[in-house]
Amino acid sequence: LDDAVLNASELKSARQDVTAARHLLVTTGNDSNVRQDKVVRVNSTVILDEEKEGLTGVGLMFCVDLLRGVTHSLLEHGYIESHTHLVPRHVQLAEYGGDDGE
């Protein structure tokens, strides 16, 4: 049973886009006893991080739109278990380098 959300081509494209955007990731600056993620805000066309702005690739754009579509679908189908869900304009691309902090 194949329940993958992305096909092989879409996954490859998204991974390439994430690799290309890696230099834009900024460490969150959490306390040393908390996981240190690297993050950047993204929408379906632009990476949004104050002075670091650039177009996202087709693969990453597709993934952002897919994520936004989940909430949209909940709204369209009258989902009522959550009263605070919204269709996000931006999502967060995050990377965790593991326990070594890299």
Side-chain angles (χ1 to χ4, degrees):
L1 178 65
D2 182 11
D3 59 355
V5 174
L6 303 176
N7 66 37
S9 176
E10 293 164 338
L11 181 59
K12 180 180 178 182
S13 179
R15 285 180 172 164
Q16 289 171 338
D17 293 345
V18 168
T19 298
R22 191 165 273 138
H23 70 284
L24 298 172
L25 296 170
V26 176
T27 302
T28 54
N30 293 328
D31 291 337
S32 61
N33 62 340
V34 179
R35 193 172 108 167
Q36 300 298 312
D37 291 340
K38 294 180 179 180
V39 299
V40 66
R41 292 181 303 135
V42 179
N43 73 18
S44 60
T45 56
V46 180
I47 292 176
L48 304 162
D49 193 357
E50 295 163 14
E51 297 176 13
K52 299 175 182 177
E53 193 168 304
L55 293 178
T56 59
V58 173
L60 191 53
M61 286 172 36
F62 177 78
C63 292
V64 171
D65 287 341
L66 189 63
L67 287 172
R68 292 184 74 232
V70 171
T71 306
H72 176 75
S73 184
L74 290 174
L75 292 172
E76 289 295 309
H77 291 92
Y79 181 75
I80 59 170
E81 297 301 316
S82 165
H83 300 286
T84 59
H85 60 273
L86 302 170
V87 178
R89 290 182 186 220
H90 308 110
V91 297
Q92 179 175 284
L93 175 62
E95 177 181 76
Y96 174 59
D99 291 334
D100 62 1
E102 294 297 318

- Query: Less than 4.5 Å apart, any side-chain heavy atom of Leu66 and any of Val64?
  - Reply: no
Here the gap from Ser13 atom OG to Asn7 atom CG, rounded to the nearest 0.5 Å, amounts to 10.0 Å
So the salt bridge (Lys or Arg N to Asp or Glu O under 4.0 Å) pairs with at least one residue in residues 4-14 (sequence neighbours excluded) are none
Item to complete: Report whether Leu74 and Leu67 are members of the same hydrophobic cluster (ILVMFWY, side-chain heavy atoms less than 4.5 Å apart, transitive linking).
Response: no
Output for pair (Tyr96 OH, Thr28 OG1), nearest 0.5 Å, gives 11.0 Å
Ala94 meets the side chain to side chain contact (heavy atoms under 4.5 Å, CB included) criterion, sequence neighbours left out, with Val39, Gln92
Taken in chain and number order and not counting sequence neighbours, the residues that satisfy side-chain hydrogen bond (donor to acceptor under 3.5 Å, both in side chains) with Thr27 are none
- prompt: Any link between Val5 and Phe62 through a network of hydrophobic side chains (Ile, Leu, Val, Met, Phe, Trp, Tyr) touching at under 4.5 Å?
  reply: yes
side-chain hydrogen bond (donor to acceptor under 3.5 Å, both in side chains) filter on Arg15, not counting sequence neighbours, yields none
Closest non-hydrogen contact found for Leu60 with Asp17 is N-OD2, 2.7 Å
Sorted by chain and residue number, the side-chain hydrogen bond (donor to acceptor under 3.5 Å, both in side chains) partners of Ser73 (sequence neighbours excluded) come out as His77
So the salt bridge (Lys or Arg N to Asp or Glu O under 4.0 Å) pairs with at least one residue in residues 18-33 (sequence neighbours excluded) are Arg22-Glu95
